[in-house]
2 protein chains.
Amino acid sequence: MPARRADARRNVGKLLDAADAAFRDHGTGAPLEPIARRAGVAIGTLYGHFPNRRALARALLRERHDALFARGDRLAEDPPGPALAAWIRAVAEHAAVYGGLAEMLAAGLDDEASELHDDCARMSALTDRLLARAHAAGAVRPEVTSSDVLTLTTAAAWTRAQSAAQADRLLDHALRGMLAP
Amino acid sequence: MPARRADARRNVGKLLDAADAAFRDHGTGAPLEPIARRAGVAIGTLYGHFPNRRALARALLRERHDALFARGDRLAEDPPGPALAAWIRAVAEHAAVYGGLAEMLAAGLDDEASELHDDCARMSALTDRLLARAHAAGAVRPEVTSSDVLTLTTAAAWTRAQSAAQADRLLDHALRGMLAP
DNA sequence: ATGTTTCCCGAGGCACCCTCAGTTTAGCGA
DNA sequence: TCGCTAAACTGAGGGTGCCTCGGGAAACAT
């Protein structure tokens with residue numbers, strides 16, 4: 001794979017900047033034409049680099065996801081119960097950077113073809129691992145499954161898009177019901 | 001307000017039938033043109049009766065909401081704790097008849113101009129009432145607010161659109177964390 | 001300087017939304 | 001039964017957004 005042309009690299013950068021601004025302001029459903037325009041590029045160029053909205057989101061989230069996964073790995077050293085809780089909160093907070101991201105990630109978990117699938121799978125694996133640790137330590141009620149945790153996480157992420165404070169309270173209550181009595 | 005013409009009444013009926021089918025199959029975001037076509041009517045006729053998608057949804061939900069509110073009133077006679085839990089489950093289940101309805105209702109609660117606002121406000125009032133009763137009976141933890149319950153309800157409703165079983169489990173856990181220890 | 005390859009451009013086809021000027025028709029009164 | 005009129009219906013068309021693809025431009029190697 002030879003190096004990309006300089007103009008291509010420049011344009012990708014400008015597109016990502018414009019897309020980040022647009023997604024922050026209007027969610028992941030923001031129209032793509034204005035993004036291209038703002039990047040000083042034609043719409044075809046955008047599609048040339050990113051075949052679809054998910055691919056664009058994936059590129060935007062790359063570093064952010066790396067940081068999140070690193071955080072998850074670090075948490076695997078902390079006390080199991082609090083670590084699991086912290087992880088859930090971290091993911092929920094992350095998924096709220098862009099409105100609509102929670103839905104996108106939830107869909108990406110099921111859809112093998114999604115550009116976000118790998119990242120979602122990694123999040124899921126990390127959740128499994130942290131939950132298993134918590135189970136081993138007796139920090140969570142035995143009936144809590146990995147799906148339960150994932151469901152709570154996406155639900156909280158979705159809620160966070162509307163009200164961060166309410167999402168935190170939802171997590172407070174639900175975690176109280178999941179952690180060992 | 002004089003009685004509507006017979007053809008208008010007929011068409012409204014056919015439109016509602018077609019819309020119900022389409023919303024069940026494709027969610028509240030289903031294209032409206034096919035609905036009109038399926039009802040044997042031009043697109044303009046649909047808009048003549050329902051100025052927007054929300055108005056159509058409102059009409060579809062009318063009886064269903066009446067039944068839900070009646071259920072809520074009846075629950076106000078039952079033991080407070082279980083009544084509150086049953087109410088939350090009932091609303092969550094209701095909001096899952098059509099994909100996307102949870103979002104629509106959540107938006108309708110905030111948006112005064114929404115055709116669904118009144119219904120949402122009634123649901124909210126009923127929630128307040130059932131929660132107040134539960135508080136009075138000491139059946140819920142004191143820090144649980146009405147917003148908390150509403151948040152949980154919409155989150156569960158949203159989850160239900162993806163997996164009914166997971167939504168039920170989410171409610172199990174969250175309610176355990178909200179009800180008195 | 002030239003050739004090749006990569007990249008960019010943007011008009012245009014598609015889907016859906018919603019409106020409104022013109023046409024049809026139900027229902028009423030003579 | 002026959003107009004008449006208000007109510008209802010129609011569907012072309014303008015707006016927005018998605019995405020493609022053939023032709024043109026620009027980078028880079030030689």
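Quick caveat: nothing in here was measured; it's all calculated off a predicted structure. Naming: A, B, ... by sequence-line order, numbering from 1 per chain.
Residue A:Thr154 comes nearest to B:Trp158 through the heavy atom pair O-CZ3, 3.7 Å, listed as atom of the first residue, atom of the second, then distance. Smallest separation of non-hydrogen atoms from B:Arg160 and B:Ala92: CD-O, 3.4 Å. Considering every non-hydrogen atom in both B:Arg38 and B:Ala21, the closest pair reads NH2-CB, 3.6 Å.
Here the CG-CZ distance, from B:Asp78 to B:Arg133, works out to 7.5 Å after rounding to the nearest 0.5 Å.
A heavy atom closer than 4.0 Å to some atom of DNA chain D occurs in B:Asp7, B:Ala8, B:Asn11, these being the qualifying members of residues 7-33 of chain B. Only B:Arg53, listed by number, bring a heavy atom of residues 52-60 of chain B to less than 4.0 angstrom from any atom of DNA chain C.
Two residues, B:Ile43 and B:Arg4, neighbour DNA chain C, and the one matched to the more 5' nucleotide by heavy-atom proximity is B:Ile43.
No engagement by A:Gly48 is indicated, since no non-hydrogen atom pair under 4.0 Å with the nucleic acid exists.
B:Ile35 places its CD1 atom 12 Å from the P atom of C:dC18, with the value rounded to the nearest Å. Distance CG (B:Leu46) to C1' (C:dT19): 13 Å, rounded to an integer number of Å. Rounded to an integer number of Å, the gap from CZ of A:Phe50 to C1' of D:dT20 is 18 Å. To the nearest angstrom, C1' of D:dG17 lies 11 Å from CZ of A:Arg37.
One finds no side-chain N or O of A:His49 lying less than 4.0 angstrom from the OP1 or OP2 phosphate oxygen of C:dC7. Taking only side-chain nitrogens and oxygens, A:Tyr47 never comes nearer than 4.0 Å to OP1 or OP2 of D:dT20. OP1 and OP2 of D:dA8 both lie 4.0 Å or more from every side-chain N or O belonging to B:Thr45.
A 4.5 Å side-chain heavy-atom check between B:Met104 and B:Arg53 finds at least one atom pair inside the cut-off. Between A:Leu109 and A:Ser124, some side-chain heavy-atom pair lies under the 4.5 Å cut-off.
With C:dC8, D:dT10, D:dA7 as the candidates, the nucleotide lying closest to the side chain of B:Arg5 is D:dA7.
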Residue pair A:Met123, A:Val91: steps toward the side chain to side chain contact (heavy atoms under 4.5 Å, CB included) verdict: CA-CA 8 Å; A:Met123 276 183 226; A:Val91 175; 4.1 Å; yes

Evaluation steps, side chain to side chain donor-acceptor pair (under 3.5 Å), between A:Asp148 and A:Thr145: CA-CA 5 Å; A:Asp148 291 351; A:Thr145 68; 3.1 Å; yes

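Distance alone, capped at 3.5 Å, is enough to place a donor-acceptor pair between the B:His135 side chain and the B:Val144 backbone.
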